[in-house]
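Each remark here refers to the structure printed beneath this line.
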Amino acid sequence: MKKQILTIFVSMMFALASSIANAGSFNVGVTGALAKIDASGTETTSAGASGTANTNSATVENDNVPIGSVFAEYQSDFYGLTLGFEHIPGAADVSNSVKTRSEVAASDTDDKTTNTATRDFKAQAEVENFNLIYVEMPIYNQLFIGAGLSEMDVNTTEVASGNGGSYGNKTLDGEMYRIGFKGTIGDSTGYKLFYEVNDFDTLKLTSTGNSVADETNSISADLDVDMLKFALSYNF
């Protein structure tokens with residue numbers, strides 16, 4: 001659904017810029033950013049035969065992640081209102097280290113014996129395909145504020161030992177807020193320096209391929225991405 005909204009928004013933006021080209025400017029540019037990726041989550045394993053569920057929680061933080069993006073926007077003469085679309089290519093790890101835990105698989109499907117072997121599980125996740133639609137408005141001189149809707153893919157890259165379960169990938173929606181300064185350099189170059197906060201929906205995943213077929217694990221996690229960004233654009 002969000003991808004359709006993004007497509008419609010970009011089409012409307014191009015149409016608006018074409019129809020009132022003399023009433024504002026159309027800007028294309030690039031940004032460089034240092035990002036802080038915060039995540040906190042809980043994994044709950046099935047109760048199984050023992051009747052006791054196991055819960056593991058973790059908090060991770062990845063600071064100063066360099067990120068680049070491209071953007072296109074229409075800046076109108078209507079109080080300087082700006083509509084834009086931004087895309088961040090590539091991927092970034094959620095954590096700067098792989099999370100590892102050990103667990104004893106007491107039972108397997110179609111195996112009536114009690115097992116005592118210890119299995120190691122390694123987990124990591126990455127984010128990619130970050131898209132953003134936004135609105136910006138000047139509030140005093142070069143100071144501006146902005147808000148928008150963001151979207152990104154979360155890819156789990158866990159390694160399950162033996163016949164342990166694994167998680168899939170999911171697209172998350174979020175809300176964006178930014179504040180900063182913008183201005184021009186010469187007749188056709190613009191710049192922006194701003195701080196941006198992206199608050200995403202809760203990530204919920206259920207495992208498949210567990211050692212006991214009718215038992216599953218689940219993950220619930222919160223993911224936030226904050227960025228200090230600098231942008232340069234060509235204005236025409």
Side-chain angles (χ1 to χ4, degrees), residues 1-7 9 33-48 53-69 85-103 119-134 147-161 164-178 195-212 214-229:
M1 179 62 181
K2 181 65 73 62
K3 294 182 186 297
Q4 295 176 343
I5 294 176
L6 290 175
T7 301
F9 181 88
L34 288 178
K36 177 183 178 182
I37 304 174
D38 290 321
S40 60
T42 300
E43 180 187 43
T44 302
T45 62
S46 176
N54 182 32
T55 299
N56 298 280
S57 299
T59 300
V60 298
E61 182 177 298
N62 199 357
D63 295 330
N64 299 322
V65 180
I67 293 177
S69 68
F85 170 77
E86 183 177 347
H87 172 70
I88 299 177
D93 290 335
V94 172
S95 173
N96 55 13
S97 62
V98 177
K99 302 299 179 183
T100 303
R101 67 178 174 86
S102 298
E103 184 176 285
R119 299 187 310 200
D120 293 328
F121 296 83
K122 297 180 179 181
Q124 176 61 291
E126 65 177 15
V127 295
E128 67 174 352
N129 296 327
F130 191 114
N131 293 313
L132 176 66
I133 55 175
Y134 59 88
L149 299 176
S150 51
E151 173 191 81
M152 69 178 178
D153 295 332
V154 178
N155 303 324
T156 59
T157 56
E158 78 279 2
V159 177
S161 176
S166 60
Y167 296 97
N169 306 323
K170 190 171 183 179
T171 299
L172 288 182
D173 297 332
E175 299 174 348
M176 181 280 293
Y177 306 95
R178 60 174 54 162
Y195 187 77
E196 178 180 295
V197 175
N198 290 272
D199 183 15
F200 287 92
D201 296 340
T202 300
L203 173 67
K204 294 184 178 181
L205 297 172
T206 301
S207 67
T208 58
N210 291 62
S211 57
V212 178
D214 60 352
E215 295 177 7
T216 59
N217 303 336
S218 61
I219 283 180
S220 178
D222 291 317
L223 184 63
D224 299 312
V225 181
D226 299 346
M227 298 185 234
L228 179 63
K229 306 173 79 170

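Just so you know, residue 1 is the first one in the sequence shown, and it goes up from there.
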Task: Residues forming a side chain to side chain contact (heavy atoms under 4.5 Å, CB included) with A221, sequence neighbours excluded - done: L203, I219

TODO: Starting at CG of D226, measure out to CZ of R178 and round the result to the nearest 0.5 Å.
DONE: 13.0 Å

Task: pair E196-L132: side-chain heavy atoms closer than 4.5 Å - done: yes

- [ ] Quick one: closest heavy-atom pair of A33 and K229, and the distance?
- [x] CB-CG, 3.5 Å

Open item on the list: Do N198 and M227 have side chains that approach each other closer than 4.5 Å (heavy atoms only, starting at C-beta)?
Closed with: yes

Task: Reported CG-to-NZ distance for the pair D224 and K36, which is rounded to 0.5 angstrom - done: 9.5 Å

Task: Nearest atoms (heavy-atom pairs only) where F200 meets V225 - done: CE1-CG2, 4.1 Å

Open item on the list: When you compare the side chain of M176 with that of E86, does any pair of heavy atoms fall below 4.5 Å?
Closed with: no

- [ ] Please report the shortest heavy-atom distance between I88 and S69, naming the atom on each side.
- [x] CG1-CB, 3.6 Å

Task: Spacing of CG belonging to L149 relative to CD1 belonging to I133, to within rounding of 0.5 Å - done: 4.5 Å

Task: Nearest non-hydrogen partners of N131 and H87, listed with the distance - done: OD1-ND1, 2.7 Å

- [ ] Check Y134 against F85 and note the closest heavy-atom contact, atom names and distance.
- [x] CE2-N, 3.7 Å

Task: Side-chain touch L223/I37, heavy atoms, less than 4.5 angstrom - done: yes

Open item on the list: For N169, give me all partners under side chain to side chain contact (heavy atoms under 4.5 Å, CB included), at least two apart in sequence or on another chain.
Closed with: N155, T156

Task: Minimum heavy-atom distance P89-G68, with the two atoms named - done: CD-O, 3.5 Å

Open item on the list: Can you confirm whether D173 sits close enough to E151 that some side-chain heavy atom of one is under 4.5 Å from a side-chain heavy atom of the other?
Closed with: yes

- [ ] State the CG-CG distance between N64 and L228, to the nearest 0.5 angstrom.
- [x] 10.0 Å

